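Each remark here refers to the structure printed beneath this line.
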Amino acid sequence: MEKREQLYEGKAKKVYKTDDPGLYIVSYKDDATAFDGKKKGTIADKGVVNNTMSNILFALMEEKGVPTHFVKQLSDRETLVKAVTILPLEVIVRNVAAGHFSQRYGVDEGTPLLRPALEFSYKRDDLGDPLMNDDHALALGLATEGELAQVKKYAAKVNEAMKGFFLDKGLKLIDFKIEFGKLDDGTIVLADEISPDTCRLWDVETNEKMDKDRFRRDLGNVEETYREVLDRVRA
Ligand code: UDP
């Protein structure tokens, strides 16, 4: 597969065209940002961990009946994916209160939720990715009712599958963010990445944070923790 011009460079990944208009190559970087880009750094080999871990999870999701953009891992940092148009919605699913949810609703971090809570935020860095409900997304034409219904159904499936998968690896899935894309024919597929950058994972025994909060909150052992998560996911 021939790598062609760069289409896009984001905070954690670059996307390239290929000689096939239906396929892109994603390249994962070690750059890390937090707090709307106000905190910047690098996490050595994060790109390798996030690429490999995402692909393992995308393959698992396919098995569970959730279509994804994943085609084939090409190298440590590069993966061939289906070309999609990303829906401008971040889909967040929470099992336990943490992060912004804890702040917004005044709930201690670590409080289990009575049921999983799904939320949308509008993918707009310039606006700080504001929280958004279905009506807002529909009123702005960001997705159709059918697309939102599909996205919610898939998000619930992803949550159930990932909760069980991570628990087997000694990790509690606190919350996560996923993104969906649209193929040319309108099919909705899971896209972007699933990694310690986009999931909160706590060790089952110690409740130690095993995710990007180590970088956000300067908790130390960032690289080691990313590597440890990948080792557990692979085991
Ligand atoms: N998240 C993400 N990208 C974002 C915002 C959130 O991947 O731009 C993930 C985050 O890692 C966590 C979940 O979504 O697993 C919920 O994040 P929250 O809304 O609590 O915001 P945060 O405190 O992470 O900024």
Side-chain angles (χ1 to χ4, degrees), residues 8-13 26 28-41 43 46-47 49-51 53-54 57-58 61 86-113 115-133 136-137 142 151-152 154-156 158-159 161-163 165-167 169 171-181 190-203 207-219 222 225-226 229-230 233:
Y8 168 83
E9 175 160 9
K11 284 173 277 189
K13 298 187 284 298
V26 179
Y28 285 74
K29 308 190 286 183
D30 288 348
D31 299 350
T33 61
F35 311 117
D36 295 325
K38 287 193 272 291
K39 183 180 171 86
K40 285 191 175 72
I43 302 173
K46 173 170 83 79
V49 170
N50 289 7
N51 183 36
M53 175 166 164
S54 289
L57 285 157
F58 284 141
M61 293 312 132
I86 296 284
L87 294 180
L89 292 171
E90 300 198 334
V91 181
I92 292 168
V93 181
R94 301 176 186 274
N95 297 305
V96 174
H100 277 110
F101 185 94
S102 286
Q103 287 172 17
R104 197 186 307 131
Y105 301 118
V107 192
D108 284 343
E109 216 171 43
T111 308
L113 302 179
R115 45 173 280 175
L118 178 144
E119 71 192 41
F120 293 123
S121 60
Y122 186 17
K123 258 177 79 72
R124 279 284 297 265
D125 279 341
D126 57 332
L127 302 175
D129 296 340
L131 186 66
M132 169 171 269
N133 69 22
H136 297 150
L142 305 182
V151 159
K152 288 185 186 183
Y154 285 153
V158 169
N159 186 39
M162 290 218 298
K163 263 199 290 194
F165 175 83
F166 283 122
L167 206 53
K169 315 288 185 186
L171 294 167
K172 269 191 283 193
L173 179 60
I174 305 302
D175 59 30
F176 61 93
K177 184 268 300 178
I178 47 179
E179 296 182 21
F180 291 88
L190 185 62
D192 193 50
E193 68 175 279
I194 302 177
S195 71
D197 274 5
T198 64
C199 300
R200 282 196 172 92
L201 299 164
W202 294 1
D203 183 84
N207 274 335
E208 205 184 344
K209 294 180 182 13
M210 307 277 293
D211 54 57
K212 194 173 163 184
D213 277 343
R214 300 207 74 81
F215 169 79
R216 291 189 190 98
R217 302 179 190 185
D218 296 317
L219 300 177
V222 184
T225 302
Y226 273 68
V229 171
L230 178 60
V233 162

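All ligand and atom numbering here is 1-based and tracks the order in the structure. For clarity, every value in this text was computed on a predicted model and none was experimentally measured.
- When the ring-ring contact (aromatic ring centres under 6.0 Å, His included) test is applied to F58, the partners found at least two apart in sequence or on another chain are H69.
- Judged as a ring-ring contact (aromatic ring centres under 6.0 Å, His included), and not counting sequence neighbours, F35 has no contacts.
- Protein residues with a heavy atom closer than 4.0 Å to ligand 1 are E90, I92, R94, A98, G99, H100, D129, D175, F176, K177, D197, T198, C199, R200, R216, listed by chain and number.
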* To do: Starting from the C-alpha separation in whole Å, work towards a yes-or-no answer on salt bridge (Lys or Arg N to Asp or Glu O under 4.0 Å) for R124 and D126.
  => CA-CA 5 Å; R124 279 284 297 265; D126 57 332; 2.7 Å; yes

* After noting the C-alpha distance and the side-chain angles of D211 and R200, does the key distance pass the salt bridge (Lys or Arg N to Asp or Glu O under 4.0 Å) rule? -> CA-CA 6 Å; D211 54 57; R200 282 196 172 92; 5.2 Å; no

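- Using a 4.0 Å cut-off between charged side-chain N and carboxylate O, E109 and R217 make a salt bridge.
- Screening residues 97-107 for salt bridge (Lys or Arg N to Asp or Glu O under 4.0 Å), with sequence neighbours left out, gives R104-E119.
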